[in-house]
Amino acid sequence: MRKFDTKVQYLKYKVLREVARHAWDDTLLDSIFEIPKTIVPGNTPTMRCCVYKERAILGDRVKLAMGGDKSNPNVIEVIETACDECPMGGYEVTNACRGCLAHRCEDVCRFGALTFDENHVAHIDKTKCKECGACSRVCPYTAIISRKRPCENACKVKAITMNEDLSARIDNSKCIECGACVYQCPFGAITDKSYILDVIDIIKKSKTENFKVFAVVAPSISSQFTYARLGQVVKGLKELGFHTVVEAALGADMVAFAESKELAEKGFLTSSCCPAFVSYIEKTFPDMKQFVSHNLSPMAAIAKYIKEHEAPCRVVFIGPCTAKKAEVQKKEVSRYVDAAMTFEELQALFDSKDIDIMTLGEDVLDNASYFGRIFARSGGLSDAVCQGLKEHGITDFEYKPFACDGIEACRTALFKKSKNMLDANFIEGMACVGGCIGGAGCLTHGEKNKAEVDKYGKEAYEKTISDAIALLK
């Protein structure tokens with residue numbers, strides 16, 4: 001049964017599972033140095049040059065599974081021992097160059113970086129090259145290629161560079177913690193910190209300190225754990241020790257209802273639901289920050305409601321997003337959400353307790369509307385805000401939404417709006433391509449069907465946002 005896309009994910013999962021298993025048994029501190037040997041037993045290497053390097057890397061992975069470098073505020077870290085020092089040379093001329101007469105590459109270069117040697121072969125002067133790629137696009141032999149690291153290619157905010165020792169380095173001033181680099185690194189050398197120990201500690205203390213633990217699950221859970229039924233996942237969460245499982249989609253209903261009213265009052269907004277998108281605005285388009293919706297994200301909105309009505313309690317968010325781990329650390333959110341983890345980590349948590357969710361009965365997860373659930377895919381929030389305007393009875397506002405997914409699309413939309421070139425009064429931005437269903441913390445990362453998300457939304461008993469919110473009252 002295949003639960004993950006790659007062996008990198010599987011390795012990460014095995015470390016998380018072992019760390020969690022020992023944490024449940026209160027044997028973690030005594031077993032930290034034994035976990036690498038448990039995962040790579042014997043003397044035969046399975047991934048690297050020798051078992052000693054494999055275990056050294058696994059030792060660093062254990063540290064990340066335990067929360068990582070506390071002095072580094074970024075939830076994404078580089079495991080330098082695992083970085084394979086991939087080439088990072090930018091544009092290069094390959095031996096496919098035929099020394100043609102056209103010299104289109106030379107003509108198109110505005111910086112004088114292209115020259116030809118005595119054999120008529122092109123060369124690029126790195127001191128003059130601006131990495132614009134114009135030469136590559138016009139070469140009839142596709143002889144000019146861009147050699148970039150997978151992590152650098154994945155990072156659309158240009159936060160990844162190279163250390164003096166050739167390992168990858170993350171610029172925290174640019175990084176938006178979206179996790180795109182995490183999935184794309186073929187060696188798993190860039191990964192997100194785990195707070196799985198915090199979750200286990202919360203669950204264990206709930207037994208002795210008499211408080212409830214709520215699991216708030218993202219609506220994209222409908223695209224996960226495809227080997228079991230959603231009701232079995234809900235049952236599994238309660239087997240782990242969660243008192244109640246609540247949909248973050250109910251928080252999405254709350255946000256859509258409030259955000260639609262805010263939009264009509266202010267005339268223009270960008271969404272506040274995706275923490276990576278918000279971070280991108282703050283770091284790259286600071287002048288647009290004033291237009292970010294003042295509403296909390298769906299995760300924080302429903303967690304706030306739970307904390308205010310179910311005290312004493314703790315709230316754990318479970319979703320596809322690495323940036324949510326950063327959002328939880330914000331002052332305005334940390335008071336409501338106690339910890340965040342990904343679907344990858346939830347799978348490790350199930351298996352650390354030997355819970356086979358396929359053998360469980362089913363529990364119900366239904367406390368949100370269709371519109372709250374479709375937040376999981378790009379365009380869902382825009383549809384929900386439109387519905388919110390209708391349910392508020394706001395008919396004199398001309399709604400012009402623009403949904404963009406992936407940072408490149410978000411950049412284009414924000415740039416155009418900043419120059420008054422975009423005819424839209426609501427920008428729904430999601431850092432991950434496809435929306436939350438394409439998040440870095442998903443179990444699988446294949447293309448998700450928008451229709452599947454909509455199908456899950458249509459299964460909701462509550463058909464309007466007002467009906468869903470009424471349940472809270």
Side-chain angles (χ1 to χ4, degrees), residues 214-226 229-235 237 244-264 269 271-274 293 295-306 309 317-320 362-401 403 405 426 428 430 434-437 448-473:
F214 287 76
V216 172
V217 296
S220 51
I221 197 171
S222 61
S223 66
Q224 302 295 302
F225 303 96
T226 54
R229 293 184 294 278
L230 181 58
Q232 292 176 310
V233 179
V234 177
K235 188 72 172 179
L237 283 164
T244 306
V245 183
V246 181
E247 291 187 87
L250 183 54
D253 282 319
M254 298 165 69
V255 169
F257 204 63
E259 207 157 88
S260 57
K261 187 176 182 180
E262 183 185 7
L263 171 62
L269 281 182
S271 60
S272 60
C273 298
C274 173
S293 170
N295 283 285
L296 293 170
S297 69
M299 169 191 77
I302 189 61
K304 180 176 184 290
Y305 177 86
I306 293 170
H309 293 81
F317 175 78
I318 304 167
E362 293 190 59
D363 212 325
V364 178
L365 181 66
D366 192 271
N367 38 31
S369 78
Y370 162 82
F371 296 97
R373 287 183 171 184
I374 61 173
F375 267 55
R377 50 88 168 164
S378 178
L381 170 56
S382 296
D383 291 347
V385 169
C386 181
Q387 177 69 16
L389 289 168
K390 292 178 182 177
E391 294 186 29
H392 276 300
I394 299 173
T395 58
D396 58 347
F397 180 80
E398 185 182 2
Y399 181 46
K400 296 181 179 179
D405 57 311
F426 181 72
E428 174 203 315
M430 289 190 167
C436 300
I437 53 177
K448 304 297 193 305
N449 192 332
K450 171 185 171 182
E452 292 179 6
V453 178
D454 290 345
K455 178 184 176 183
Y456 172 62
K458 290 174 182 175
E459 292 172 356
Y461 290 122
E462 312 308 325
K463 301 307 178 184
T464 69
I465 296 173
S466 300
D467 288 344
I469 296 176
L471 295 175
L472 298 174
K473 300 175 182 177

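Side chains included, hydrogens not; waters and symmetry mates left out as well; all remaining heavy atoms used.
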A.B. asks: Do S220 and F375 touch side chain to side chain, with heavy atoms closer than 4.5 Å?
C.D. replies: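 Side chain of S220 against side chain of F375, heavy atoms only: no contact under 4.5 Å found.
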A.B. asks: What pair of heavy atoms forms the shortest contact from S223 to T226, and how long is it?
C.D. replies: O-CG2, 3.7 Å
A.B. asks: Which distance, rounded to the nearest 0.5 Å, do you find between the NZ of K261 and the NE2 of H392?
C.D. replies: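 Those atoms lie 6.5 Å apart.
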A.B. asks: For V255 and C273, what are the C-alpha separation, side-chain angles and deciding distance, and is it a side-chain contact (heavy atoms from CB on, under 4.5 Å)?
C.D. replies: CA-CA 8 Å; V255 169; C273 298; 4.0 Å; yes
A.B. asks: Hey, what do you get for SG (C436) to CG (D405), rounding to the nearest 0.5 Å?
C.D. replies: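 It comes to 10.5 Å.
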A.B. asks: Where the side chain of R373 meets the backbone of A368, is there a donor-acceptor pair that is under 3.5 Å apart?
C.D. replies: no
A.B. asks: Closest approach of A218 and A248, non-hydrogen atoms and distance?
C.D. replies: CA-CB, 4.0 Å
A.B. asks: Kindly indicate whether the side chain of V385, heavy atoms from C-beta on, has any atom under 4.5 Å from the side chain of E428.
C.D. replies: no
A.B. asks: Report yes if the side chains of T244 and I306 come closer than 4.5 Å at any heavy-atom pair, otherwise no.
C.D. replies: no
A.B. asks: To check you understand the geometry: which heavy-atom pair defines the closest contact between L269 and E259, and what is its length?
C.D. replies: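 Nearest heavy atoms, L269 then E259: CD1-O, 3.7 Å.
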A.B. asks: When you compare the side chain of P320 with that of Q224, does any pair of heavy atoms fall below 4.5 Å?
C.D. replies: no
A.B. asks: What's the verdict on side-chain contact (heavy atoms from CB on, under 4.5 Å) for F257 and Q387, showing C-alpha distance, side-chain angles and the deciding distance?
C.D. replies: CA-CA 8 Å; F257 204 63; Q387 177 69 16; over 6 Å; no
A.B. asks: Which pair of non-hydrogen atoms, one from L296 and one from A301, has the smallest distance, and what is that distance?
C.D. replies: CB-N, 4.0 Å
A.B. asks: Is the backbone N or O of S382 less than 3.5 Å from a side-chain atom of Y399, with the two atoms forming a donor-acceptor pair by type?
C.D. replies: yes
A.B. asks: Restricting to non-hydrogen atoms, name the atom on M254 and the atom on I302 that form the minimum distance, rounded to 0.1 Å.
C.D. replies: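 Distance-wise, the nearest heavy atoms are SD-CD1, 4.0 Å.
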A.B. asks: Would the distance check show the side chain of E391 and the main-chain N or O of I465 forming a donor-acceptor pair, the cut-off being under 3.5 Å?
C.D. replies: yes
A.B. asks: Can L230 and Y456 be said to form a side-chain contact (heavy atoms from CB on, under 4.5 Å), step by step?
C.D. replies: CA-CA 10 Å; L230 181 58; Y456 172 62; 3.4 Å; yes
A.B. asks: Would you check, one step at a time, whether the test side-chain contact (heavy atoms from CB on, under 4.5 Å) holds for D454 with I374?
C.D. replies: CA-CA 6 Å; D454 290 345; I374 61 173; 3.4 Å; yes
A.B. asks: When you compare the side chain of P219 with that of E247, does any pair of heavy atoms fall below 4.5 Å?
C.D. replies: no
A.B. asks: Could you grab the distance from atom OH of Y370 to atom CG of D383, nearest 0.5 Å is fine?
C.D. replies: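 Taking OH in Y370 and CG in D383, the distance rounds to 6.0 Å.
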A.B. asks: Mark yes when over 12 heavy atoms from residues, nucleotides or ligands other than K463 sit less than 6.0 Å from its NZ; otherwise mark no.
C.D. replies: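 More than 12 heavy atoms, drawn from other residues, nucleotides or ligands, come within 6.0 Å of this atom.
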A.B. asks: Rounded to the nearest 0.5 Å, how far does CG of L263 lie from NZ of K400?
C.D. replies: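 Between K400 NZ and L263 CG, I get 12.0 Å after rounding to 0.5 Å.
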A.B. asks: Where is the tightest heavy-atom contact between R377 and M430, given as atom of each residue plus distance?
C.D. replies: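 Nearest pair, atom of R377 first, then M430: O-CE, 4.1 Å.
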A.B. asks: Look only at the side chain of S293 and the backbone of S272, and say whether a donor-acceptor pair between them is shorter than 3.5 Å.
C.D. replies: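 Between the backbone of S272 and the side chain of S293 there is no qualifying donor-acceptor contact (under 3.5 Å).
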A.B. asks: Do the side chain of D363 and the main chain of K235 share a donor and acceptor less than 3.5 angstrom apart?
C.D. replies: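 Not a single qualifying donor-acceptor pair exists.
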A.B. asks: Looking at G372, is its backbone amide N or carbonyl O close enough to the side chain of D253 to form a donor-acceptor pair, meaning the two atoms are under 3.5 Å apart?
C.D. replies: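 Yes, because the side chain of D253 sits within donor-acceptor range (under 3.5 Å) of the backbone of G372.
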A.B. asks: Are more than 12 heavy atoms from other residues, nucleotides or ligands located less than 6.0 Å from atom CZ of F397?
C.D. replies: yes
A.B. asks: Is there a side-chain contact between I318 and L237 in this structure, where contact means two heavy atoms from C-beta onward sitting under 4.5 Å apart?
C.D. replies: yes
A.B. asks: What distance separates S222 OG from K455 NZ, expressed to the nearest 0.5 Å?
C.D. replies: 10.5 Å
